Amino acid sequence: MSRPGSAAFDSLMAEVRPLAASACEKTPWEVRAFLPGADDRQEIAAALLDRGCRFASVFAEDRRAQERAYYLYDVVEHRDDHRYLVIRYRVAPEQPRFPSISLQAPAANWMERETQDWFGIEAEGHPNPRRVALHDHWPGVHPLLKDFPIDAVLPPLEGDPHIFRQTIGEGVFYVPVGPVHAGIIEPGHFHFAVAGEPVIYLQLRLFYTHKGVEKRFENLPLTHGVFLAESVSGDTSFGHGLAHCLALEHAAGIEAPPHARIGRVILLELERIYNHAADIGAIATDVGFVIANSHATRLREQMLRLNEELTGSRLLRGLLRPGGLRRPLDAARLAPFLEKLESFEREYRSLVRLIEDSDSTRDRLETTGTLPPAKAKDLGIVGVAGRASGQDLDVRRDHPFDGYQGLQPRVPVFSQGDVLHRMRVRSEEVLESLSLIRAAAAELPEGPSLSPLPEIAPGATALSAVEGWRGEILHWIRNGGNGRLDRCRIKDPSLNNWPAIVEAIQGNIIPDFPVINKSFNLSYSGTDR
Amino acid sequence: MLNILRQSLRTGLVTIGDPIGSFNPPPAWRGTPRFDFAAWRDARLAAAACPTGAITVLDSGASRTVKVDYGLCIFCGGCADACPEGAVRMARELEPPALRRGDLVLSAEYEINSNGVQTRLLSGPARGSASGSIEETGAAVRQAVHRILGRSLAIREVDAGSCNGCEVELHALNNPLYDLERFGIHFVASPRHADMLLVTGPVTRNLELALLKTWRATPDPKAVVAAGACGISGGIFGLNYAVRGAVDDVIPVDVYVPGCPPRPESLLYGILLAVGRLAPPREGLRTAAGQEE
Ligand code: SF4
């Protein structure tokens, strides 16, 4: 289980003063630093940002009963280290607060506010400390505290779910949209302030689909967790399911058998392909090129059927197990599967050509909804949206897991940051996924698909990272020792990326919002959990 | 323009004639758990394996009540894996949509010995594990589908908190293979234009009001379809502080479509059933080849 890497975090741990003085632990996947208090958090953040680190996830846990403490975690990523740096700050229950780093690292903005909502510990100095996860008309509860029962019945909700900020100026008016939208789309509320046609300020009210998933994990037997993980975001069933399994495997100190590790590559790429193909079509529809969408939805259906032929499920559900795959991929099904993939590729290439050759379509997509690279970096934008805006990140390449160790995926990166290039990232990634699948299929070894998961030590923690089709998925778990998890933090890439839409829409007109939104295509359920 | 035409001609006709009647998933399809209640010795194993609590066991003295709720089932196959004696198997048929919530629940009474093993079936569900014929169901569906061609139905989809898996399959209904529009069925943007609400997801606290308002805004007469395990029962999410309940805890429901997510065929079936265009199914919707996984 050795993982090469230039070990950027090793030198960093020695150089950054408060980190050098802290207790440290290393695993093949993580560098862990334990700090006795959060006083130095801003100093550490500044040093990390200086060295090109990115804040990928911020969260907390309630360990008052066991260790008389809350813990606050910063999960930090650097391209030059295969591991993630997980910094744990102790927060005393008597003084439930920590210094905010959102001014330095806007990427932490929503996640610090989430932490306030879930745990009632305050992000001191946060530039916009209002609620983000709990709606404004919720009572003052903090659902992830251990003494908050999962089946608590809240009083009926009354009043406004969100008090929006005012946008003041001559001729400024508001356009509220949602939460129920005009299509088969997930629910969320968009509050536009417009001056004439251009949007000058967009505010988001999400978390409508919040359904207590992280809390639910604490109440579900370990063996059932994978099914809940597959339902974090249905279109990412495999990505989240895999992240869940990897976290348990890391905590148990095992790897899935070779067949499963390579097989998982095939399945994760299948998920990427069917979603990307659908998105390309949807982007075309939103600028009126409906025929292209017909072809795209047909290709997506082809892929859903291929998924089912290979795994028994159109959404690739039910095959993952902690420790591998429930059953091996059938070698006899692989050959016809690869043939069908060939014909998919031919049709897919001609679909992309069809769209790229349409001047009027390209014209509508170019320079629409631009997210400049500097903004993307500040906000910590990941995945497709990040790569279209110059963020050269991909977990498969930078922090390889399972069969990706040794595969070296090519990662398309553009600096334009507009709708057109978010589409191009997708269209190139599909081709790369196809060749990854072929490479994986060629080296898919025979043998068992499942290793038994050994007992995980009570209190053990683990982080896992997966490049889902939208981008970086992170799961962090602590084992409870009672056959349940004590904590399960789920970070869908959508959580990082929503603020990007707010930036990208500015100065664009409302009629372009659907195509801009579609070009990000973020998961509401993955965000809201 | 020429390219567009060329591409369309090359593609040809891809639409499936009758999605329900010609339902024939690939051999790898996991299928639906079916129970041989008379042969079942120990339902506790399946109950422990079931991630959603769709199988429950209640013992009192020397008797046991076993319940199977297809409204909670996510069709994972765990119960079949956990029953070595083969009393539970995954059959190549769809669990059909139901008009009443209770129709999705099977219940059996057993006598048990001191080890908790079921020794005698006292009473079993009216609906067995395998009977009825695919030809009948297929033919009924085909006829109904033809009868309704040309009439129109407007559906407003409401995501009341789903994981978006159901939405993946609802989108599929609109693709050129299923091509819902040819049945005169289309999804509309406003509840005021709708004859039917199709609701997915456990109803979250945050969407309860939106769902209720959407329902009120839909003119009468209207039908409501609750799609997927979550819409029917809360599914894998269970009832918790953030979930208000199943769809029928908030608004009246006409048809329940099991699945996680339901396949496009099931969704179509449920939609047609809800507007009284199909006779309620008697048995599982079978496939041409009756072999198991
Ligand atoms: S197939 Fe259904 S009943 Fe069987 S274990 Fe899975 S969810 Fe439970």
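All values reported here derive from a predicted model rather than from experimental measurement. Below, read A as the first sequence line, B as the second, and so on, with proteins coming before strands; counting in each chain starts at 1.
Using a 4.5 Å cut-off between heavy atoms, A:Leu315 touches chain B through its side chain atoms alone. If you measure heavy-atom distances from B:Ser162 to chain A, the contacts under 4.5 Å come from the backbone alone. Contacts of B:Arg244 with chain A are absent, with no heavy-atom separation under 4.5 Å from either backbone or side chain. B:Ala48 touches chain A through its backbone: at least one of N, CA, C or O sits under 4.5 Å from a heavy atom, while the side chain does not. Interface remark: A:Leu134 contributes no atoms to any contact with chain B (heavy atom separation under 4.5 Å). The part of B:Phe187 that comes within reach of chain A is its side chain, from C-beta onward, which places non-hydrogen atoms under 4.5 angstrom from that chain. Interface remark: A:Phe148 contributes side-chain atoms only to the contact with chain B (heavy atom separation under 4.5 Å). For A:Arg529, no part sits under 4.5 Å from any heavy atom of chain B, backbone or side chain. Proximity to chain B (any heavy atom under 4.5 Å) is shown, for A:Thr223, by neither the backbone nor the side chain. Proximity to chain B (any heavy atom under 4.5 Å) is shown, for A:Asn293, by neither the backbone nor the side chain. With a 4.5 angstrom heavy-atom cutoff, A:Ile150 touches chain B via backbone and side-chain atoms both. With a 4.5 Å cut-off on non-hydrogen atoms, B:Cys260 touches chain A through its backbone and its side chain both.
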Go through the steps for A:Val180 and B:Lys213 under the test side-chain contact (heavy atoms from CB on, under 4.5 Å), then give the verdict.
CA-CA 10 Å; A:Val180 180; B:Lys213 279 184 173 173; over 6 Å; no
Go through A:Glu230 and B:Ile74 one step at a time and tell me if the side-chain contact (heavy atoms from CB on, under 4.5 Å) criterion holds.
CA-CA 11 Å; A:Glu230 286 178 341; B:Ile74 59 170; over 6 Å; no
Does the side-chain contact (heavy atoms from CB on, under 4.5 Å) test come out yes or no for B:Asn174 and A:Ile184, once each step is laid out?
CA-CA 10 Å; B:Asn174 274 330; A:Ile184 302 175; 4.1 Å; yes
Test log, rule side-chain contact (heavy atoms from CB on, under 4.5 Å), inputs A:Asp235 and B:Glu167:
CA-CA 9 Å; A:Asp235 54 19; B:Glu167 281 64 27; over 6 Å; no
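In terms of heavy-atom pairs under 4.5 angstrom with chain A, the leader among B:Cys50, B:Pro202, B:Ala210, B:Gly235 is B:Cys50. Between chain A and the residues B:Leu211, B:Asp159, B:Val203, the largest count of heavy-atom pairs under 4.5 Å involves B:Asp159. Highest contact tally toward chain B, considering only A:Arg333, A:Arg300, A:His295, is held by A:His295 [criterion: heavy-atom pairs under 4.5 Å]. For the set B:Cys166, B:Gly234, B:Ala49, B:Cys230, the count of heavy-atom pairs under 4.5 angstrom toward chain A peaks at B:Ala49. When each of A:Gly526, A:Ser294, A:Gly225 is scored by its heavy-atom pairs under 4.5 Å with chain B, the top score falls to A:Ser294. Chain B forms the most heavy-atom pairs under 4.5 Å with one residue out of A:Pro187, A:Ser523, A:Ala152, A:Ser313, and that residue is A:Pro187. The residue among B:Val243, B:Thr200, B:Leu207, B:Thr214 with the most heavy atom pairs within less than 4.5 Å of chain A is B:Leu207. Between chain B and the options A:Leu154, A:Asp151, A:Asp330, the largest number of non-hydrogen pairs under 4.5 Å is found for A:Leu154. When A:Ser525, A:Gly312, A:Ser358 are compared by the number of non-hydrogen pairs under 4.5 Å with chain B, A:Gly312 comes out ahead.
Note that the CG atom of B:Leu177 and the CD atom of A:Glu301 stand 5.5 Å from one another [nearest 0.5 Å]. Note that the OG1 atom of A:Thr297 and the OH atom of B:Tyr178 stand 12.0 Å from one another [nearest 0.5 Å].
The main-chain N or O of A:Tyr208 is found under 3.5 Å from a side-chain atom of B:Thr204 such that the two form a donor-acceptor pair. No donor-acceptor pair under 3.5 Å is formed between the side chain of A:Lys211 and the backbone N or O of B:Gly238. Between the side chain of B:Arg30 and the backbone N or O of A:Arg317 there is at least one donor-acceptor pair closer than 3.5 Å. Looking at B:Asn206, its side chain does come within 3.5 Å of a backbone N or O of A:Phe207 through a donor-acceptor pair.
Enclosure of atom NZ in A:Lys146 by more than 12 non-hydrogen atoms of other residues, nucleotides or ligands within 6.0 angstrom is indicated. Shown here is B:Arg192, whose CZ atom has no more than 12 heavy atoms of other residues, nucleotides or ligands within 6.0 Å.
You'll find the side chain of A:His224 stays beyond 4.5 Å of the side chain of B:Ile236, heavy atoms only. Looking at heavy atoms from C-beta onward, B:Asp81 lies in side-chain contact with A:Arg326 at the 4.5 angstrom threshold. Side-chain atoms of A:Arg314 and B:Pro261, non-hydrogen and from C-beta on, never get closer than 4.5 Å to each other.
Heavy-atom minimum distance, B:Asn164 versus A:Gly234: OD1-N, 3.0 Å. Between A:Ser231 and B:Cys163, the closest heavy-atom pair is O-CB, 3.0 Å.
Relative ring orientation between A:His210 and B:Tyr241 is described as tilted, the plane-to-plane angle lying within the 30° to 60° band.
Contacts between residues 212-220 of chain A and chain B, defined by a heavy-atom separation under 4.5 Å, are made by A:Gly212, A:Val213, A:Lys215, A:Arg216, A:Leu220.
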